[in-house]
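Below you'll find the structure, written out as structure tokens, and then a few comments.
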2 protein chains.
Amino acid sequence: MATLKDVAEATNLGLATVSRALSGNAGVLPETRKKVEAAAKALGYQPNALARGLRQSSSKAVGLVIPDLENEFYTSGAAVIQEVLANAGYRLILCCSNNDPTIDALLLDSLVERRVEAIAHVPSSAIGSDVIRSRNPSLPVVEYARRSNSEHVDSIVGDEALGSEKLIEYLVSLGHRRIAMIAGPRGQSTTTARLAGFESAVRKAGLDADQCPVLHGPYDPDWSEDATRELLLQDPQITAIFASSSRTVLGAFKALSGFGLHVPSDISLVGFLNPPWYEVALAPVTTYELPLKDMGAMAADLLLKRIAENEHPHAEWAAKTIRFEGRLIVRESATAPRVGSLELAEMPRAS
Amino acid sequence: MATLKDVAEATNLGLATVSRALSGNAGVLPETRKKVEAAAKALGYQPNALARGLRQSSSKAVGLVIPDLENEFYTSGAAVIQEVLANAGYRLILCCSNNDPTIDALLLDSLVERRVEAIAHVPSSAIGSDVIRSRNPSLPVVEYARRSNSEHVDSIVGDEALGSEKLIEYLVSLGHRRIAMIAGPRGQSTTTARLAGFESAVRKAGLDADQCPVLHGPYDPDWSEDATRELLLQDPQITAIFASSSRTVLGAFKALSGFGLHVPSDISLVGFLNPPWYEVALAPVTTYELPLKDMGAMAADLLLKRIAENEHPHAEWAAKTIRFEGRLIVRESATAPRVGSLELAEMPRAS
DNA sequence: CTGAAAGCGCTAACAC
DNA sequence: GTGTTAGCGCTTTCAG
């Protein structure tokens, strides 16, 4: 590949002049610039971002670590983060941790090695982004969607507790008193918050906690399907299910169909988040939507702001947690509880 | 941030020794290595990947450009590409072109500047990856999911033509003779192939092409909803719709519900690809599934292979196009055509 | 306005 | 085994 030197030799100019000309720097004769640009194009010159980054110690890159590339909860924000950053001239290095804390830490390390100027992070463990601070305390970090226990990073999250609470309140207002929750894996801030909201709402409504079971497991349709099945078998009095993620909703629907049960006539179901398909599900899903796009934009803006602040010897700022409220979306998957008990007909699954 | 020199000074060793020790290179006394590692850890030393990359002219990074971060057609492959590459010690720089050829070209350029060692690319225009070749002809490139007109790049795609054909054959076997297709935007290889399959099947089945209308538009639920509405209004004889992407299926369902129509009793609907929600849709969707995971793995393997070949003065290899077959998945959204004509009741939309 | 030279942090020859 | 040195490609003083 052609280098600056090649262009310099081709034009009989000095390295410095060529550099200035190509980086749109002032102080170069217009005709000189023309000549340089022509030669550069002719040689197919492409600047070497590694060399430039090394020299200026600024890579114009930002890292983003998310746990799952196929989950709208993360990609929806990632999309706007990438867009905002791109408009500001930064490139996004997007990594996927598969929800594995070890990989998570590895990826964070490698981003630091690549000298990214900031990191957006969906933490996969409570340790979260602390790895980074031990490497380079001045590197701006914002946590998105999930919160770790780190004290020194900003975080942008949804108000998940409020969401669950609203959902349960809604079910209670419909007349439900036996509500089950299919929760996520313990130890993640999202799970914790959603669970807290559930328990708080159950308490406030004066429901019997024993009649409102909670099952913990991964945010995975297959697990959720099994969990729902088991739940119904063990607790056929349940009249409503709170499936606390879109994957969970999916599994719940499948289990319910398997039993020949209809939503909402046999059992009510509410979800969380709002992927487009909720509108065309077996029963359009009543849910709590989080403003993921706004959250992503905010995260990106904050990142940019922190980068800018970093230029100047920054006054000690306090890390802030910004919690976005969402909204309850009432569709058709939840109605007043059925009368009578559940008839579970284990049907052969279609395909 | 600490540099190699800092570690060298701290240990009273030479730069080279420290470098060797830290990069696990042979020819260093075990105790020396210990000492170096201890000092490095104490100083919080992190290697500078920019400097290393510059020196070795190899960045251990691979670029991936996809048009949409929120579409499983791309992210599903992206996820496995990232995984395979990560296992081989490469970092993925994932960029999103928003289906805009200009941005696409920009991103490709910036990847070249960052000296990635290979690029996986979902082209957003027919020019596709040619930008890259003009910059650096020896940079391995593989197109994934879509094909451009580039002659010199490998491509991994699904057999979309076959898919449409199978789907239409299936509808015909059910008795349909008036089938509409909601197609994607003209000019993309996927659209072209899906359309070709449709037309070929229509012809082979001896259907009247006039009775099998095709609408072109973006792969977008809202557009698809409008298109479906219009279609039904203009052509109420239609008994089946081929919605040629998952977004399109979504819109079609919404339009159909809006008219108070039921799938499949009033009208049959078949989709394309196989996102998990197809199973829990208003009517579980009959579709043609592509092995996206296998395709992604293949793309990554090919990339790795090309990188390895690049080390040696490579014999001129021919670019290959690998086309993966998928499979027809029969669910419940298509049955024998209704008898009688359609009653369109424009109902107030719920929520 | 342009050129020469230093140096970003690292690795790979080459000496010792 | 270890140290010295050159140089990857670029930007940026500092002279001219």
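Naming convention: chains lettered A, B, ... in sequence-line order (proteins, then strands); numbering from 1 in each chain.
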Expressed in angstrom and rounded to an integer, what is the separation of [X] atom [atom1] from [N] atom [atom2]?
| X | N | atom1 | atom2 | answer |
| --- | --- | --- | --- | --- |
| B/Leu4 | D/dT4 | CG | P | 15 Å |
| B/Lys5 | D/dT4 | NZ | C1' | 14 Å |
| B/Met1 | C/dC8 | CE | P | 16 Å |
| B/Lys60 | C/dC10 | NZ | C1' | 16 Å |
| B/Lys35 | D/dG1 | NZ | P | 15 Å |

query: Bend across the helix from C/dC1-D/dG16 to C/dC16-D/dG1, to 10°, with axes taken over 5 pairs at each end?
result: 40°

Every protein N/O lying under 3.5 Å from an N/O of nucleotides 3-5 of chain C:
residue, atom, partner, partner atom, Å
C/dG3, OP2, A/Gly14, N, 2.6
C/dG3, OP2, A/Thr17, OG1, 2.8
C/dG3, N7, A/Arg20, NH2, 3.1
C/dG3, O6, A/Arg20, NH1, 3.2
C/dG3, O6, A/Arg20, NH2, 3.2

Is a donor from one side chain sitting under 3.5 angstrom from an acceptor on the other, for [X] and [Y]?
| X | Y | result |
| --- | --- | --- |
| B/Ser97 | B/Asn99 | no |
| B/Thr321 | B/Arg147 | yes |
| A/Ser59 | A/Arg114 | no |

query: Taking only residues two or more places apart in sequence or in another chain, which ones pass salt bridge (charged side-chain N to carboxylate O under 4.0 Å, His left out) with A/Asp154?
result: A/Arg306

Residues 30-42 of chain A, side-chain donor-acceptor partners within the protein, below 3.5 Å, at least two apart:
residue, atom, partner, partner atom, Å
A/Arg33, NE, A/Ala21, O, 3.4
A/Arg33, NH2, A/Asn25, O, 2.4

message: Let's go through A/Thr102 and A/Asp104 carefully: what are the C-alpha distance in whole Å and the side-chain angles of both, what is the deciding distance for side-chain hydrogen bond (donor to acceptor under 3.5 Å, both in side chains) to 0.1 Å, and is it a yes or a no?
response: CA-CA 5 Å; A/Thr102 316; A/Asp104 198 22; over 6 Å; no

Are [X] and [Y] close enough that some pair of their side-chain heavy atoms sits under 4.5 Å apart?
| X | Y | answer |
| --- | --- | --- |
| B/Leu302 | B/Ile156 | yes |
| A/Tyr74 | A/Leu292 | no |
| B/Arg146 | B/Pro67 | yes |

task: Go through B/Ser110 and A/Arg91 one step at a time and tell me if the side-chain hydrogen bond (donor to acceptor under 3.5 Å, both in side chains) criterion holds.
output: CA-CA 8 Å; B/Ser110 103; A/Arg91 207 57 59 219; 2.9 Å; yes

- prompt: OP1 or OP2 of D/dT2 sitting under 4.0 Å from any side-chain N/O of B/Thr32?
  reply: yes

message: Does D/dC10 have its OP1 or OP2 closer than 4.0 Å to a side-chain nitrogen or oxygen of A/Ser19?
response: no

query: Which residues, if any, of residues 43-57 of chain B bring a heavy atom under 4.0 Å of DNA chain C?
result: B/Tyr45, B/Pro47, B/Asn48, B/Ala51, B/Arg52, B/Arg55, B/Gln56

Any residue of residues 110-118 of chain B with a heavy atom less than 4.0 Å from an atom of DNA chain C: none

- prompt: Between atom CD of A/Glu70 and atom CG of B/Asn71, what is the distance when rounded to the nearest 0.5 Å?
  reply: 11.0 Å

query: Rounded to the nearest 0.5 Å, how far does CE of B/Met295 lie from CD1 of B/Ile322?
result: 10.5 Å

message: Run A/His152 and A/Asp130 through side-chain hydrogen bond (donor to acceptor under 3.5 Å, both in side chains) and show every step you take.
response: CA-CA 8 Å; A/His152 302 282; A/Asp130 279 338; over 6 Å; no

- request: Using a 4.0 Å heavy-atom cut-off across all strands, classify B/Ser23 as base, sugar-phosphate, or nothing.
  value: nothing

query: Contact class for A/Leu29 (heavy atom, under 4.0 Å): base, sugar-phosphate, or nothing?
result: sugar-phosphate

query: Of A/Leu139, A/Leu107, A/Val131, which is the lone residue that meets side-chain contact (heavy atoms from CB on, under 4.5 Å) with A/Val112?
result: A/Leu139

